[in-house]
Novice: 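The structure that follows is given in the form of structure tokens.
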Amino acid sequence: MTPRERLRIAVQKSGRLSQPCLDLLDRCGLRFRRSRDGLFCFGEGEPVDLLLVRDDDIPGLIAQGVCDLGVVGRNVLDEYSADAANQARLQLLQPLGFGQCRLSIAVPQDAAYAGARSLAGQRIATTYPRLLRRWLGQREVAAEVVTLSGSVEIAPRLGTADAICDLVQSGVTLAANQLREVECVLDSEAVLVAAATLPADARRDVIDLLLRRIDGVTRVRGSRLLLLQAARGCVEAIMAALPGATRPTLLQMDGQPGQVMLQALCPGELGWKQLEAIQRAGARELFVLPVERALA
Ligand code: PRP
Ligand code: ZN
């Protein structure tokens, strides 16, 4: 294979999405060797390489065909696509279930706020001018959008803005800058992005393979496989204590009529309290197993 027949994925070099993204690819069975400058990762098993770049550059790299896929926050994708010139260039292939955060408007802690109207005539600093303008436009609020390239959270203290519109995850940055969140403009998470038209060559098969594997990883993320033994008559009560679990598989136990081995996939954690409740419902020999991947 010549290099450009290999699939190339753009990934954030350093930031909130970098490590979870590399972890996801690792769980999809992709292994990489990093170049000396650390910007390129050569895929060792599958024909997939990574380019490590600034997240804001990722949509453009895909639109130009430098990369085939990219992992970015929905905020970055939407800001790019909100430009009329970029509207139909990219497509969202799959939400990835990590990197949850929101693009929010925040004002100084002591500032009065009584809804979007309060922003009229105010200067709002952001690195997401198109999303902010759209949000303001939908509410017919005339505010001044101050576009910055970073360090948005200090603008109110510097006196260059009255409010900000920025990403909030834990809220630590806002608190540290005496700001309070007043409006959510967009809920975001990491998404897999591609050009509007997917490559029609061998790379397309690799994309399909990757999508199946990502699905297999994200579908069972945080799930647990529960194994236990019980009298058949107790199964209904046990399942009632397991909301969201898949329909159980029941195996007849050899030489023990009326006794079954139960197996069920449960979403999220299975805590001690829940296990104890299941035990009271008649279960014994309980095992909780982590689930790594799934192939339907
Ligand atoms: C965002 C945002 C804040 C911080 C908020 O930056 O600009 O600085 O994260 O997170 P918190 O609520 O957990 O404190 P990010 O790290 O995404 O970098 P970027 O916007 O420059 O890409
Ligand atoms: Zn960024």
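Atoms within a ligand are numbered from 1 in the order they appear, just like the ligands themselves. None of the values given here were measured: they were computed from a predicted structure.
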Novice: Just by distance, with hydrogens left out, do Ser104 and Glu181 show a side-chain donor and acceptor under 3.5 Å apart?
Specialist: yes

Novice: For Gly171 and ligand 1, answer yes if some heavy atom of the residue is under 4.0 Å from a ligand atom, otherwise no.
Specialist: yes

Novice: Give yes or no for whether the N/O distance cutoff of 3.5 Å, strictly under, is met between Arg16 and ligand 1.
Specialist: yes

Novice: Please state which option from Val72, Thr173, Leu103, Leu174 has its nearest heavy atom closest to atom 4 (C) of ligand 1.
Specialist: Thr173

Novice: Suppose I only count heavy atoms of Asp166 and a 4.0 Å limit; which atoms of ligand 1 are within that range?
Specialist: 2 (C), 3 (C), 7 (O)

Novice: Should the pair Arg212-Asp215 be classified as a salt bridge under the 4.0 Å nitrogen-to-oxygen rule?
Specialist: no

Novice: Before accepting this row, confirm whether a basic side-chain N of the pair Arg8/Asp68 lies closer than 4.0 Å to the acidic partner's carboxylate O.
Specialist: no

Novice: Verify whether one side chain among Asp83 and Gln87 offers a donor that lies under 3.5 Å from an acceptor in the other.
Specialist: no

Novice: Distance under 4.0 Å to a non-hydrogen atom of Ser170: what atoms of ligand 1 satisfy this?
Specialist: 11 (P), 12 (O), 13 (O), 14 (O)

Novice: Taking 4.0 angstrom as the limit, do Glu44 and Arg31 come out as a salt bridge?
Specialist: no

Novice: One thing to verify: whether Arg27 and Glu292 come together as a salt bridge, which I'm taking to mean a side-chain N less than 4.0 angstrom from a carboxylate O.
Specialist: no

Novice: So, is Gln169 polar-close to ligand 1, with some N/O to N/O distance under 3.5 Å?
Specialist: yes

Novice: May I ask you to list the atoms of ligand 1 that are less than 4.0 angstrom from any heavy atom of Val168?
Specialist: 12 (O)

Novice: Where's the contact between Asp55 and ligand 1, heavy-atom distance under 4.0 Å: side chain, backbone, both or neither?
Specialist: side chain

